[in-house]
Student: 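This is the structure I have questions about; it appears just below.
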Amino acid sequence: MPQRFECFYPAHALLLLLRTIYGLKQAAMQFWRELQKAFKYMKFKRNKVDPCLRFSWIDGFLVVWITWVDDYLNAGPPMLVEKSKTPMKSVFDCDELGEMEEYVGCKVDYNKDLGKMKLTQPVLLQSYEDESNLDKNGRVPRTPAKAGSVLSQDDK
């Protein structure tokens with residue numbers, strides 16, 4: 001029984017919730033399920049490598065949604081970003097913060113002339129480097145993708 005309800009109901013009472021209450025253990029899972037339905041309705045696919053990244057190719061242009069709990073970053077050509085925000089705003093109460101310089105610990109760099117956006121985590125990377133005493137002049141760490149590779153429509 002939720003706190004402070006004891007004075008209204010006997011100790012043996014069982015309450016049926018008609019909606020998820022913010023702060024309950026089930027609230028996060030229920031929100032995630034609703035978010036999955038919204039992305040499915042919007043026809044955005046989940047990235048196989050990063051479950052927080054959703055993407056869609058619209059008229060030959062890439063539009064992405066990056067989610068972290070209940071924070072979203074929507075990126076792509078301005079007209080298509082506006083178009084993709086509308087269905088999300090119809091399902092959820094959203095606050096628009098405009099162009100971002102930082103998103104949940106990531107630094108966001110824009111190059112509008114080239115139509116590029118770069119997300120980096122310099123503070124996190126520095127902490128890893130400090131904790132592991134990496135040799136800066138040693139071998140280059142291996143990564144799953146080639147350095148400088150770019151997601152394109154032809155990638156399978």
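By convention here, the first residue in the shown sequence is residue 1.
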Student: Within the structure provided, determine whether Lys37 and Lys40 are in side-chain contact (heavy-atom separation under 4.5 Å).
Tutor: no
Student: Are the side chains of Leu35 and Val91 in contact, using a 4.5 Å heavy-atom criterion?
Tutor: no
Student: Restricting to salt bridge (Lys or Arg N to Asp or Glu O under 4.0 Å), what partner residues turn up for Lys118, sequence neighbours left out?
Tutor: none
Student: In Å and rounded to the nearest 0.5 Å, what is the CG to NZ distance from Leu119 to Lys107?
Tutor: 11.5 Å
Student: With side chains defined as the heavy atoms from C-beta onward, is the minimum distance between Val108 and Glu101 less than 4.5 Å?
Tutor: no
Student: Could you tell me which non-hydrogen atom of Lys83 sits nearest to which non-hydrogen atom of Pro87, and how far apart they are?
Tutor: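 Reported closest heavy-atom pair: O-CD, 3.3 Å.
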Student: Can you check whether Glu34 reaches Phe92 side chain to side chain, under 4.5 Å on heavy atoms?
Tutor: yes
Student: Return the set of residues passing salt bridge (Lys or Arg N to Asp or Glu O under 4.0 Å) with Lys89 (not counting sequence neighbours), or none when no residue passes.
Tutor: Glu96
Student: Excluding sequence neighbours, so at least two apart, what forms side-chain contact (heavy atoms from CB on, under 4.5 Å) with Val123?
Tutor: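 Counting only residues at least two positions away or on another chain, Val123 forms no side-chain contact (heavy atoms from CB on, under 4.5 Å).
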Student: Please list, chain by chain and in numerical order, all residues satisfying ring pair (Phe, Tyr, Trp, His ring centres under 6.0 Å) with Tyr41, sequence neighbours excluded.
Tutor: none
Student: Could you tell me whether the side chain of Lys45 reaches within less than 4.5 Å of the side chain of Phe39, counting heavy atoms only?
Tutor: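 No, side chains not in contact.
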Student: Does Glu102 have more than 12 heavy atoms from other residues, nucleotides or ligands lying within 6.0 Å of its CD?
Tutor: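 Correct, the count exceeds 12.
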Student: For Met79, what residues pass the side-chain contact (heavy atoms from CB on, under 4.5 Å) criterion, not counting sequence neighbours?
Tutor: none
Student: For Gln121, give me all partners under side-chain hydrogen bond (donor to acceptor under 3.5 Å, both in side chains), at least two apart in sequence or on another chain.
Tutor: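 Gln121 satisfies side-chain hydrogen bond (donor to acceptor under 3.5 Å, both in side chains) with no other residue.
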Student: Output all residues satisfying side-chain contact (heavy atoms from CB on, under 4.5 Å) with Ser84, sequence neighbours left out; order by chain, then residue number.
Tutor: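 Here the qualifying residues are Phe44, Val63, Trp65, Asn74.
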Student: CG/Asp70 to CG/Asp93 distance, rounded to the nearest 0.5 angstrom?
Tutor: 11.0 Å
Student: Nearest 0.5 Å, what's the OG1-CE distance between Thr86 and Met42?
Tutor: 9.0 Å
Student: Can you list the residues that meet the ring pair (Phe, Tyr, Trp, His ring centres under 6.0 Å) rule with Tyr110, with sequence neighbours excluded?
Tutor: none
Student: Leu80 versus Pro77: any side-chain heavy-atom pair under 4.5 Å?
Tutor: yes
Student: Output all residues satisfying side-chain contact (heavy atoms from CB on, under 4.5 Å) with Asp113, sequence neighbours left out; order by chain, then residue number.
Tutor: Asn111
Student: Other members of the hydrophobic cluster containing Met29, with the 4.5 Å side-chain heavy-atom rule, please.
Tutor: Trp32
